[in-house]
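Computed from a predicted structure; not experimentally measured.
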Amino acid sequence: MTTAKEEPARRRGRRPAGEDTKAALLDAARAVFAESGYEGATVRAIASRAGVDPAMVNHWFGGKDGLFAKAVLHVPFDINEVVETVTAGGPDKLGENIVRTFLTRWDGAGGESFVALIRSVTTKPEALQTLRTILVNRIFTNVVRTADSDRPELRAGLGATQMIGLGMARYVAQIEPVASADIETLVATIAPNLQRYLTGALDVPA
């Protein structure tokens, strides 16, 4: 009786707590992306190598971009979770929540994940495209939409440049005192400018 119930679950890739499934997908993704490149790698091929249902890629990572970001770029956060977290306090808290959320996750990974990310995007065109898709289209565009601001594309791009610039200064160039400042100091000083990018008056030609 127990075996009959467990076998279908394995075929669907629904392993205990999902952690085995996620780990298997990440391992398979690294191998398939290395062999076939970003364009040549398919969700079906990755899922097949991992021995799970292709639907698990969307379930755990939101699609091929999200899986590539986690497996190859080592982006230390879940995209959908970040959007939910930073928008939870409403439009007036977007800048503060974004700076705190990004720095908390990057600092939690020792800053190494951001350095690895920058190295990836400077050597792999597909990595650069994925980074743009994640930061601008998947995160900042969705964040700006919750505020119903004008010129959403421009605002999303400006927001992305703010966070990439902060990451570069803190983890790559290690510019002091930004590199060693505590998170709340950076939230207090950087968030107001990011908030203006997302919801304030931009004062640009019509």
Side-chain angles (χ1 to χ4, degrees), residues 1-88 97-98 100-121 123-143 145-146 160 163-164 167 171:
M1 180 83 65
T2 301
T3 303
K5 289 183 179 180
E6 288 178 350
E7 286 179 353
R10 282 199 296 270
R11 284 198 295 270
R12 292 193 300 271
R14 298 180 186 280
R15 304 174 185 181
E19 292 306 315
D20 287 346
T21 301
K22 291 174 71 175
L25 281 170
L26 289 170
D27 288 342
R30 293 185 188 104
V32 174
F33 282 128
E35 294 168 2
S36 306
Y38 180 81
E39 294 300 330
T42 65
V43 167
R44 187 171 296 278
I46 293 168
S48 176
R49 179 168 296 203
V52 303
D53 191 308
M56 291 295 98
V57 174
N58 284 329
H59 175 72
W60 287 113
F61 303 101
K64 182 177 170 181
D65 282 341
L67 180 54
F68 184 82
K70 199 73 172 179
V72 179
L73 302 185
H74 306 292
V75 173
F77 49 73
D78 177 86
I79 298 168
N80 294 330
E81 179 190 350
V82 165
V83 173
E84 291 176 3
T85 298
V86 302
T87 58
N97 287 346
I98 288 172
R100 183 178 292 111
T101 298
F102 273 73
L103 288 179
T104 298
R105 282 158 174 75
W106 281 334
D107 277 13
E112 295 175 359
S113 61
F114 188 88
V115 175
L117 174 62
I118 296 302
R119 287 175 178 164
S120 293
V121 300
T123 58
K124 302 174 184 176
E126 64 270 23
L128 179 59
Q129 178 59 42
T130 300
L131 177 62
R132 282 198 296 260
T133 298
I134 290 171
L135 280 181
V136 180
N137 298 340
R138 299 277 302 279
I139 295 180
F140 276 97
T141 295
N142 287 328
V143 167
R145 282 175 181 159
T146 67
M163 295 314 299
I164 291 174
Y171 307 112

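Counting heavy atoms from C-beta outward, Leu135 and Met163 have side chains that stay 4.5 Å or more apart. Counting only heavy atoms from C-beta outward, the side chains of Leu131 and Phe68 never approach each other to under 4.5 Å. Put simply, the side chain of Thr85 does not reach to within 4.5 Å of the side chain of Asn97, judged on heavy atoms. Taking 4.5 Å as the limit, some side-chain heavy atom of Leu26 sits within range of a side-chain heavy atom of Leu67. Two residues are said to be in side-chain contact when any heavy atoms from C-beta on lie closer than 4.5 Å; Arg138 and Thr133 meet this criterion.
Between the OH atom of Tyr171 and the CG atom of Asp107 there is a distance of 3.5 Å, given to the nearest 0.5 Å. Taken to the nearest 0.5 Å, the CG atom of Leu25 stands 10.0 Å off from the CH2 atom of Trp60. Rounding to the nearest 0.5 angstrom, the gap separating the CD1 atom in Ile79 from the CG atom in Asp65 is 7.5 Å.
Taking every heavy atom of both residues into account, Arg30 and Ala71 meet most closely at NE-O, 3.0 Å. Across every non-hydrogen atom of Lys64 and Val57, the tightest pair is N-CG1, 4.4 Å. In terms of heavy-atom proximity, Val136 sits nearest to Thr141 at O-OG1, 2.6 Å. Annotation for Ala69 and Ile134: closest pair CB-CD1, 3.0 Å, computed over non-hydrogen atoms. When all heavy atoms of Val52 and Thr21 are compared, the closest pair comes out as CG1-CG2, 3.9 Å. Nearest heavy-atom pair across Ser36 and Ala41 is CB-N, 3.8 Å.
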Query raised in the report: Yes or no on side chain to side chain contact (heavy atoms under 4.5 Å, CB included) for Phe102 and Ile139, after CA distance, side-chain angles and deciding distance?
Result: CA-CA 11 Å; Phe102 273 73; Ile139 295 180; 4.1 Å; yes

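Phe33 and Tyr38 have parallel rings, their planes meeting at less than 30° on a 0 to 90° scale where 60° marks the start of perpendicular.
Side chain of Thr104 to main chain of Thr101: no donor-acceptor pair is present (N/O by atom type, distance under 3.5 Å, no hydrogens or angles).
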